[in-house]
Amino acid sequence: MSDFYDFEAVEAKWRNKWADENTHKVVRDESRPKFYLLEMFPYPSGKLHVGHLRNYTIGDALARFKTMNGFNTLHPIGWDAFGLPAENAAINNKSHPHKWTMDNIAEMRRQFKIMGISYDWDREVATCHPGYYKWTQWIFARMFDEGLAYRKKSFVNWCESCHTVLANEQVIDGACWRCDTKVYQQERDGWFLAITRYAERLLDALDELKDGWPERVLVMQKNWIGRSVGAEVDFPVEGGGTIRVFTTRPDTLYGATFICLAPEHPMSLALAKGTELEGEVETFVRETIGEDRIARTAEGAEKKGAFTGRYARNPMNGELVPIWIANFVLIEYGHGAIMSVPAHDQRDFDFAIKYDLLVRIVIRNGDQEDSSQIAAEAMQSAYEGDGAMVNSGPFTGLHNRNEGIEKVIAHLERNKIGEKSVNYRIRDWGISRQRYWGAPIPVVHCAKCGPVRVPDKDLPVILPLDVEFPESGKSPIAELESFINAKCPKCGGPGKRETDTMDTFMCSSWYFARYASPRLDTAMVDKKDADYFLPVDQYVGGIEHAILHLLYARFFTRFLHDIGVVPSPEPFRRLLTQGMVVKDGAKMSKSKGNVVPLDEMAVKYGADATRLFILFAAPPERDLEWNDAGIEGASRFVNRVHRMVTSNIDYMKKGGGAPSGLEGLSKEVADLRRVTHKTIARVSGDFARFQFNTSIAAVMEMVNAMTSFEAKEAQFAPEVFREAVEALITLLSPITPHLSNELWEAMGGKGSMRTKAWPKADADCMKEDEILIIVQVNGKLRGRVTVSPSASKEEIESAAMNDEKVKPHLEGKQVKKVIVAPGKLINFVV
RNA sequence: GCGAAAGUGGCGGAACUGGCAGACGCGCUGGACUUAGGAUCCAGUGGGUAACCGUGGGGGUUCGAGUCCCCCCUUUCGCACCA
């Protein structure tokens, strides 16, 4: 067939043209408003499949839409190019991570171009490039100077399979986020970033993101940061020393009948030393620390403890309370020690029952009658609710929540036995990775000066590429003399370079800022570029980064804002989290073996049809079920549009300019014009709300209307038909850019679709000369009548009553009430 | 256990502030054009012979409920001894 749409040739033509003319290049232009649209950059793992593509298709449609609406749209792409898969793949294939990564980037870049994504390729960055990681190191150096980057020995999460340490955020259900191997605890030296110092601000600022971020991401971050308000209290130990605890319930202090230490607590062993319990305690501590800590501290795990034989004094009532060691107490939260209030905390209650410890009620349970009389022995479970304080010395009688907490804290502070305090669940971010393919941590260890950071002028510390992978599985640079040996930057003496590399999440915590000045060698980002382009106006990515990447990026941005590098304390004004692409009931992924390769789709149906289907099949936030038959429909639609437009090219040239309004048009022509402008209005609204699926449905309806018009009336109104065609391909162009540009050119249109103004709906062209009124009797649909838009209530009523379908339902009945929803509906109540 | 989101035809999904449930697409049925059709076009397509019944189930508010309120069920996701 001669009007067959040769998408292969057409898409190649435009792809080449855009590449040759560098069409999507963006430059700073203060005279125009900017819009920064960004999709989360990919890890270059090989080939793209349609599961990956969703993110970029959504982003591209939005970017093109914004550009057509007059914005100077920054839409860049780059590569999260450091990381373990490259290293593992390289080891398995006797290749090099650098080569593996670069090959993958080349392949994925080609695929992005095939799909017609409108990136400014001049701004491409790769985190493994020295010109990029120089600035990752530079940020580390700034944090080092501020004391935010520090070294400590601690228990860390170790993944045996990845052969490296993981941050808490990277441990999902006790397993490695990347390879799902069970993580265990190991004591190690490593570098940490003090994200906890930003905890409060990161938490508070979530409020400002309410309008632009999905609620659930905000909730997840809030829970992760985990702010608890309470008090620190000192319990003096009989025989010397004090134990400090954190509690959110200072109102229950009088009920604290024992104390529990984490096994790792420095006093755990010391307390029992020299007593007859020493052996027992030591065994318990050793065994507990040796257990899997994730399992041991999981809810539902059996509570176990050992008595130290020693006592502390409750600072409120002077009572002696036994000191225990308990397996469920976390060393890294608060002070690694808790005061136990069995009557009002279920965990403490369970523990007290098991070891027969004293339970004392200090909060009255208002739900129970006269609960002060209930003996503690009769309790079935702890009462964790609020109520009046009892058995609490001078505080007895106060309501715990309304007054008690505050007054007890005041008492603690007055007597210097404690103070108000806020604790966070979030821990400092461990960034040392014992692997090769990452940005070197720019530090030299000197015997005299300790760890010294590399001066800015010596950055970047280059990751050597000429390396061998040792059999041991260790990092090649861990034993590479030429890399390790370095002079101490401070004293000039012999030093050893840090051989751990940075967590790749550091590289991705600031890349969005680098796009503003991607090639600048004298600064992380140019001030003017940053002020103009930043922050990101719309970020698009997967929900799986709700905590990891999005929290780290917020932390980095806040820090960079503090030191005056970026203009905004928050990186992403608005966030769209797109759903997964699912096939055969599982997320599309290489490991599940259910991927639909992108190249296959591009060859069989073309980029436009693939893009169209991805956007049409589901709203962006929901999961998308891949369906091979569905893309056939998209392809059919693309062909249909092409055929309809190209077969009417000569005819459309006949008309003059479009008339104004609907005056003097035949009913059919006026109807077409109404459809055109209503569709413009619908699609504009839907795009603004990211409802691509319904915008496409609206456009399809318009095409249906145009097809029946074409069959009947087209001969008489070339200008109105042409207007419809122009609107059609313009509205479609963010979704099917190749097709739209091709048709625009074919019909003699001037300039590129990319910069063509988004059409405006004209109210004069949407005016109805009759409106449909739904007629109900007792709320049930009984008929439809059409009336003039100016019809009065009475006119509508009589038209409705006289409708043949309605009449039988009113016959012999008395109308009690008539409800009229203007322009829509009339309901008779009988 | 806590928190959030979601449950609508054979399927993906529409229905913005309560007002024609099922737009649009897929699939299916019939027809046209054809040597042929897995191309294209036309018609039909929630269930029921009908009155009617239908948005996970049960109550409620309302002239009117997929939409609002209460209770319950299912699924998905997140959190889960953080004192």
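Predicted model only: the values in this text are computed from it and were never measured.
What you find for A:F246 and A:G334 is that their closest heavy atoms are CB-CA, 4.3 Å. Between A:T252 and A:M339 the shortest heavy-atom distance is OG1-CE, 3.7 Å.
The residue A:F328 sits close to a base: some heavy atom pair falls under 4.0 Å. Heavy atoms of A:V699 sit nowhere under 4.0 angstrom from any nucleic acid atom. Residue-level contact check: A:L624 touches neither bases nor backbone, having no heavy atom under 4.0 Å from any strand. Counting non-hydrogen atoms under 4.0 angstrom, A:R782 reaches the backbone sugars and phosphates but no base. No engagement by A:N423 is indicated, since no non-hydrogen atom pair under 4.0 Å with the nucleic acid exists. Counting non-hydrogen atoms under 4.0 angstrom, A:D623 reaches the backbone sugars and phosphates but no base. A:R216 comes within 4.0 angstrom of sugar-phosphate atoms only, judged by non-hydrogen atoms across all strands, and of no base.
Residue A:N693 has a polar side-chain atom (N or O) positioned under 4.0 Å from OP1 or OP2 of B:A14. In this structure, A:R682 does not reach the B:C16 phosphate: none of its side-chain N or O atoms is under 4.0 Å from OP1 or OP2.
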For nucleotides 58-66 of chain B, which of its nitrogen or oxygen atoms have a protein nitrogen or oxygen under 3.5 Å away, and what is each distance?
unit_1 : atom_1 : unit_2 : atom_2 : d
B:C63  : O2'    : A:N827 : ND2    : 3.3
B:C63  : O2     : A:N827 : ND2    : 2.4

Sort me out a list of protein N/O and nucleotides 26-31 of chain B N/O pairs below 3.5 Å, or just none if empty.
unit_1 : atom_1 : unit_2 : atom_2 : d
B:C26  : OP1    : A:R636 : NH1    : 2.8

Could you list the protein-to-nucleotides 45-50 of chain B atom pairs, N/O on both sides, closer than 3.5 Å?
none

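Every side-chain contact (heavy atoms from CB on, under 4.5 Å) that A:N827 has, sequence neighbours left out, goes to A:Q776, A:I819, A:L825. Residues meeting the side-chain contact (heavy atoms from CB on, under 4.5 Å) test with A:R216, sequence neighbours left out: A:I543. Residues forming a ring pair (Phe, Tyr, Trp, His ring centres under 6.0 Å) with A:F351 (at least two apart in sequence, or on another chain): A:F258, A:W324, A:F328, A:Y355. Every residue two or more places apart in sequence or in another chain that forms a ring pair (Phe, Tyr, Trp, His ring centres under 6.0 Å) with A:W177 is listed here: A:F505. By the salt bridge (Lys or Arg N to Asp or Glu O under 4.0 Å) test, A:E768 is found to be paired with A:R674, A:K678, residues two or more places apart in sequence or in another chain being considered. Under the rule for a ring pair (Phe, Tyr, Trp, His ring centres under 6.0 Å), the partners of A:F692 that lie at least two apart in sequence or sit in another chain are A:F687. Under the rule for a salt bridge (Lys or Arg N to Asp or Glu O under 4.0 Å), A:K780 has no partner lying at least two apart in sequence or in another chain. Every residue was checked against the salt bridge (Lys or Arg N to Asp or Glu O under 4.0 Å) condition with A:D608, not counting sequence neighbours, and none meets it.
Here the side chain of A:N704 is nearest to one of B:C82, B:C24, B:G19, namely B:C24. Relative to the side chain of A:Y333, the nucleotides B:A80, B:A83, B:C53 differ in distance, and B:A83 lies closest. Minimum atom distance to the side chain of A:I338 is reached by B:A83, of the listed B:C52, B:A21, B:A83. Of the listed nucleotides (B:C20, B:C16, B:G12), B:G12 has the atom at the smallest distance from the side chain of A:E625. Looking at the side chain of A:R689, the nearest of the listed nucleotides B:C41, B:C16, B:C82 is B:C16. Nearest nucleotide to the side chain of A:V219, out of B:A83, B:G19, B:G3: B:G3. Here the side chain of A:T694 is nearest to one of B:A14, B:C20, B:C81, namely B:A14. In this structure, of B:C41, B:C24, B:A14, it is B:C41 that holds the atom nearest to the side chain of A:R643.
Along RNA chain B, the nucleotide closest to A:N223 and the one closest to A:R784 are compared, and the more 5′ of them pairs with A:R784.
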**Message:** Wobble G-U and Watson-Crick pairs count when both distances are under 3.5 Å; given that, what is the 5' to 3' dot-bracket string of RNA chain B, with | for pairing to other strands?
**Reply:** (((((((..(((......[....)))((((((.......))))))((....))..(((((..]....))))))))))))....

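No salt bridge links A:K420 with A:E232; every basic N to acidic carboxylate O contact stays at or beyond 4.0 Å. Using a cutoff of 4.0 Å between basic side-chain nitrogens and carboxylate oxygens, A:R347 and A:D345 are scored as salt-bridged.
Taking OG of A:S695 as the start and CZ of A:F616 as the end, the distance is 10.5 Å to the nearest 0.5 Å.
In this entry the base of B:G9 is syn relative to its sugar, with a glycosidic angle within 90° of 0.
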